[in-house]
Amino acid sequence: MIKKCLFPAAGYGTRFLPATKSMPKEMMPVVNKPLIEYGVDEAIEAGLTGMCVVTGRGKNTLIDHFDKNYELEHQINGTNKEELLGDIRRIMDSAHFTYIRQREMRGLGHAILTGKELIGDAPFAVVLADDLCVNEEGDGVLAQMVALYKQFRCSIVAVQEVPKEDIHKYGVISGEMIKDDIFRVDDMVEKPEPGTEPSNLAIIGRYILTPDIFDIIENTKPGKGGEIQITDALLQQAKSGCVLAYKFKGRRFDCGSVEGYIEATNYCYQNLYKKDEQKMELDKHATAKTS
Ligand code: UTP
C-alpha cells in the first residue's frame with residue numbers, strides 16, 4: 001500500500017524571480033492557497049497520510065504553513081474568519097508532515113534520493129507542487145495513479161501530450177501502449193534537442209516510485225545540466241524491469257512558469273474558489289433557517 005508522498009521543494013524557482021528570491025516557489029498562492037497545499041490535498045484524496053517534504057535554505061515558511069499559529073488562531077477565535085482556516089486544519093488532522101533538507105541542489109533525482117530517510121523501503125508517490133493538477137470530472141491525478149499501481153505494482157510516471165514547440169522543456173517517453181492511456185516505457189530522454197524527441201508525451205510532476213529507485217539513483221551519474229536526473233534513473237529501471245507512463249485524466253498547469261501560474265489562478269478562481277464560496281453561503285443560509 002502507498003502511504004507516503006514525497007514533495008521535492010528545494011529548487012531555486014529561478015523562472016519566478018524576483019518573487020522567489022526569499023519566498024519558496026511552493027508557497028506562491030493560487031487564489032488563497034499556496035501551491036503545496038493543492039498538492040497535499042491531492043495526496044490526501046489519494047489516501048496518503050505521510051507527507052515528506054524535501055526543503056532547502058530559506059524554505060521555513062513551508063514548514064510553518066503546516067503547523068499551528070497560536071497567536072493568529074487566538075486572535076480570530078470565535079470570529080467568522082475562523083472558517084478560512086478550516087481546510088488547513090483538516091489537512092493537519094488527517095496527515096503528518098516530516099522534513100529533510102537538501103543541502104546542495106543537485107537536481108530532482110538527488111532531491112528524491114535525499115527523501116530516502118523519510119520514505120523507507122516502500123513504494124511512494126512524488127508530487128512536484130509547481131505542477132497543479134485538477135480533475136473536476138472524477139478522481140485526482142494521484143488517486144488515478146495509486147489505483148493503477150494496485151494493478152501493476154511498478155513505477156508509474158504521469159504524462160501529457162505537449163505541442164512540438166514545447167516538448168524540449170520536458171522529460172519525454174516512448175513506449176508501447178498496453179491499454180487505453182497506459183504505455184510500457186522503453187525510452188526516456190530529458191529535455192531532448194529539437195527534432196530528437198521520441199514522442200510528444202511529456203512527463204509531468206506526478207510519479208509513483210518503487211523503492212529500488214533509490215539504489216538506482218545512487219548509481220546515476222549527473223546528466224542534462226549537470227544534475228542528477230530522475231528520468232535517467234527511471235530509464236534504467238525501465239530497462240531492468242517495468243516502468244509505466246499514464247496519460248492522466250484532468251488538467252495540469254505549469255505553475256513554475258508565469259503563463260501557467262496565471263492560467264491556474266484564473267481557472268481555480270472561476271471553477272474552485274467561487275464554487276466553494278457559493279456553497280459556504282448556501283450552507284450558512286440552511287443553518288440559519290434550521291436554527
Ligand atoms: P524545477 O527545475 O521545475 O524547479 O524542478 P526549480 O529548479 O525550482 O525551478 P526553475 O527552473 O529554477 O524555475 C522540479 C522540482 O524539483 C525540485 C523543485 O523544487 C521543483 O519542485 N528540485 C529541483 C529540488 O527539490 N531539488 C533540486 O535540486 C532540483
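Owing to the predicted nature of the structure, the values given are computational and were not obtained by experimental measurement. Residues take their numbers from the sequence shown, with the count starting at 1. Both ligands and their constituent atoms are indexed starting at 1 by order of listing.
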Under 3.5 Å donor-acceptor pairs involving side-chain atoms of residues 43-51, not counting sequence neighbours:
residue	atom	partner	partner atom	Å
Glu45	OE1	Gly140	N	3.2
Glu45	OE2	Gly140	N	3.1

Do Asp131 side-chain atoms and Gly205 backbone N/O form a donor-acceptor pair below 3.5 Å?
yes
Lys33 charged N/C atom sitting above Tyr38 aromatic ring, 6.0 Å / 45° = yes
_Does any part of the side chain of Ile156, heavy atoms only, come nearer than 4.5 Å to the side chain of Leu209, both counted from C-beta?_
no
Grouping ILVMFWY residues whenever side-chain heavy atoms fall under 4.5 Å, the cluster of Tyr12 otherwise contains Met105
Residue pairs meeting salt bridge (charged side-chain N to carboxylate O under 4.0 Å, His left out), one or both in residues 97-125, sequence neighbours left out, come to Lys116-Glu218
Per the under 4.0 Å non-hydrogen criterion, ligand 1 touches Pro8, Ala9, Ala10, Gly11, Tyr12, Gly13, Thr14, Arg15, Lys25, Glu26, Gln102, Met105, Arg106, Gly107, Leu108, Ala111, Leu128, Asp130
